[in-house]
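Per chain, numbering begins at 1; letters A, B, ... match sequence-line order.
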Amino acid sequence: MAPADRLSGAVAEIELGGKLLAWWDVSRRELPWRALAGRAPDPYAVWLSEIMLQQTTVASVTGYFGKFMSRWPNVEALARAPLEDVLAAWAGLGYYARARNLHACAGEVVRRHGGRFPQEPEALLGLPGVGPYTAAAIAAIAFNRPCVAQDGNVERVVSRLFAVEEPLPAAKGRIKAHTESFLSRQRPGDFAQALMDLGATVCTPRSPDCSRCPLAGNCRARADGAQTRFPVKGEKPARPHRRGAAFVLLRGGEALLRRRPAKGLLGGMSEFPSTPLSADFGLAEAMGYAPAEIRWRRLEGHVRHVFTHFSLELAVFLSREAPDRNFDACDGYRWADVARLREEGLSSLMRKVAVHAELAGK
DNA sequence: TAGACGTGGGT
DNA sequence: TACCCAAGTCT
């Protein structure tokens, strides 16, 4: 950007940064993972909340965060926990690689860093599940390092403030430079949270409330009456529709056939055997993926579910016949107690299958 | 760089 | 209904 396009660094920091922080001091959200004003933050709580909040709303995270903090109050406790317990506690929150990485990261912090989170963004970056945003957020919020924690909120607020015409994600570098131009060196942690609060509560995607915005007088987009034109984004690919089948096999009325893929879609989570979920299968074709060649009863209706990158329609087949193979000797499958289905922790998709098969209440 | 990777709520 | 979005990361 041309120097004349914006205020000089020091002036911008005082002008924009000061307005933002003054607003935040009276408008900050109280959130369970936040330290009270003037109190030292808990790096473990900051890290845990940041992982949970990736692509996930505050409303969805709140209950899970409380549950995790009660059950595993510090990084040592979480590192000691079996991965399956962590995944079961995460069930329903989505993006399950986050839970696998969370557990791996706790282990690294304990074994390689003596149970203390690194304070520098370069050291945080590269921990499992910690990318550029999360590294900067932890460094800023937990350790008051002058880092730009550039999430979707920041990209929206700053792209409007400076009317950034370049589309995302190419514009990330430009937006970061703009943000650094008014980053508060005095209060970098508060600055990061203030920018996110502004984006979440005032400078919202559809209908920003500029009358409440402390930066409205400096906002290029608003001056042009074009707030919602920013951030500029590219076209999104269409979402394909896929069909498949899930198989509910009961043994003696109390054991249920399960499997647990290590990675990929819903990786780590206990699930009903099914067709590969990332491909489209007609009904006849789907039967080739039944875990046993026995009589299956097709349950009426479908289970429908929408993932980020495709929608899914699942037929559900049920059988209580004795299988023609011994699953105990077969890797990938195991028998699990029906009564303990809840403790296993089900993804939302598999919870729908369980409800459809009347194995679980809504 | 673009696609994989969940879920629930808002409009 | 359909689409968008929410404190992104990994490959």
Atom-pair distance ([atom1] on [X]; [atom2] on [N]), nearest Å:
X        : N     : atom1 : atom2 : answer
A:Leu102 : C:dG8 : CG    : P     : 16 Å
A:Glu155 : C:dG8 : CD    : P     : 9 Å
A:His241 : C:dA2 : NE2   : P     : 11 Å
A:Lys233 : C:dC5 : NZ    : C1'   : 7 Å
A:Leu168 : B:dG3 : CG    : C1'   : 17 Å
A:Arg229 : C:dC4 : CZ    : P     : 18 Å
A:Arg206 : C:dA6 : CZ    : C1'   : 12 Å

Sugar-phosphate only, base, or nothing, as touched by [X] at under 4.0 Å among non-hydrogen atoms:
X        : value
A:Pro169 : nothing
A:Leu31  : base
A:Trp47  : nothing

Next on the checklist: Is there a salt bridge (Lys or Arg N to Asp or Glu O under 4.0 Å) between A:Glu15 and A:Lys19? Walk through the geometry before answering.
Outcome noted: CA-CA 6 Å; A:Glu15 166 76 17; A:Lys19 283 182 181 175; 3.0 Å; yes
Could you work out the separation of [N] and [M] based on their [atom1] atoms and round it to a whole Å?
N     : M     : atom1 : result
B:dG3 : C:dC4 : P     : 16 Å
B:dG8 : C:dT9 : P     : 22 Å
C:dA6 : B:dC5 : P     : 23 Å

Next on the checklist: My understanding is that a hydrophobic cluster links ILVMFWY residues whose side chain heavy atoms are under 4.5 Å apart, including indirect links. Using that, what else belongs to the cluster containing A:Val26?
Outcome noted: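 Result for A:Val26 is none, singleton.
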Checklist entry - What is the minimum heavy-atom distance between A:Met196 and A:Val154, and which atoms define it? => result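 Residues A:Met196 and A:Val154, closest heavy atoms: CG-CG2, 4.4 Å.
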Next on the checklist: Once side-chain hydrogen bond (donor to acceptor under 3.5 Å, both in side chains) is applied, do any residues pair with A:Tyr96, and if so which ones, sequence neighbours excluded?
Outcome noted: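 A:Tyr96: no side-chain hydrogen bond (donor to acceptor under 3.5 Å, both in side chains) contacts found.
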Checklist entry - Cut-off 3.5 Å, side chains only: do A:Tyr133 and A:Gln54 have a donor facing an acceptor? => result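 On atom types as modelled, these side chains do not qualify, holding no pair under 3.5 Å.
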Checklist entry - Does anything in residues 61-74 of chain A reach DNA chain C, meaning a heavy atom under 4.0 Å, and if so which residues? => result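 The stretch gives none, as no residue of it lies under 4.0 Å from the strand.
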Identify the pairs formed between an N or O of the protein and an N or O of nucleotides 4-8 of chain B at a distance under 3.5 Å, and give each distance.
from	atom 1	to	atom 2	distance (Å)
B:dC5	OP1	A:Leu265	N	3.4
B:dC5	OP2	A:His309	NE2	3.0
B:dG6	OP1	A:Tyr96	N	2.8
B:dG6	OP2	A:Leu266	N	2.5
B:dG6	O4'	A:Tyr95	N	3.0
B:dG6	N7	A:Tyr95	OH	3.3
B:dG6	N7	A:Thr308	OG1	2.2
B:dG6	O6	A:Tyr95	OH	3.1
B:dG6	N1	A:Gln55	O	2.9
B:dG6	N2	A:Gln55	O	3.2
B:dG6	N2	A:Thr56	OG1	2.9
B:dT7	OP1	A:Tyr96	OH	2.7
B:dT7	OP1	A:Ser348	N	2.6
B:dT7	OP2	A:His305	NE2	2.7
B:dT7	O3'	A:Ser348	OG	3.1
B:dG8	OP1	A:Ser348	OG	3.2
B:dG8	OP1	A:Arg351	NH2	3.4

Next on the checklist: Looking only at the aromatic ring of each residue, does the gap between the centers of A:Phe310 and A:Phe307 stay below 6.0 angstrom?
Outcome noted: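 Yes, the ring of A:Phe307 comes within the 6.0 Å limit of the ring of A:Phe310, centre to centre.
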Checklist entry - According to the ring pair (Phe, Tyr, Trp, His ring centres under 6.0 Å) rule, which pairs have a member within residues 195-216 of chain A, sequence neighbours left out? => result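 Qualifying pairs: none.
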Next on the checklist: Assigning hydrophobic clusters by single linkage (Ile, Leu, Val, Met, Phe, Trp, Tyr; side-chain heavy-atom cutoff under 4.5 Å), is A:Val306 placed with A:Leu312?
Outcome noted: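 No.
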Next on the checklist: Can you give me the dot-bracket string for DNA chain B, 5' to 3', counting Watson-Crick and G-U wobble pairs with both distances under 3.5 Å, using [ ] for crossing pairs and | for partners on another strand?
Outcome noted: .||||.|||||
Next on the checklist: Which label fits A:Trp47 and A:Tyr44: parallel for a plane angle under 30°, tilted from 30 to 60°, or perpendicular past 60°?
Outcome noted: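 Judged by the thresholds at 30° and 60°, the geometry between A:Trp47 and A:Tyr44 is tilted.
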Checklist entry - Given A:Glu313 and A:Arg304, is the salt bridge (Lys or Arg N to Asp or Glu O under 4.0 Å) satisfied, shown in steps? => result CA-CA 5 Å; A:Glu313 179 184 275; A:Arg304 295 175 207 283; 2.5 Å; yes
Item to check | Along DNA chain C (nearest heavy atom to each residue), the more 5'-positioned of A:Leu127 and A:Leu53 | outcome: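 Of the two residues, A:Leu53 wins.
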Next on the checklist: Looking at A:Arg229 and A:Asp224, is there a salt bridge between them, counting it only when a charged N and a carboxylate O are closer than 4.0 Å?
Outcome noted: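 Judged by the 4.0 Å cut-off on N to carboxylate O distance, A:Asp224 and A:Arg229 do not form a salt bridge.
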Next on the checklist: Do the side chains of A:Glu344 and A:Arg334 get close enough for a salt bridge, i.e. N-O under 4.0 angstrom?
Outcome noted: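 So A:Glu344 pairs with A:Arg334 through a salt bridge.
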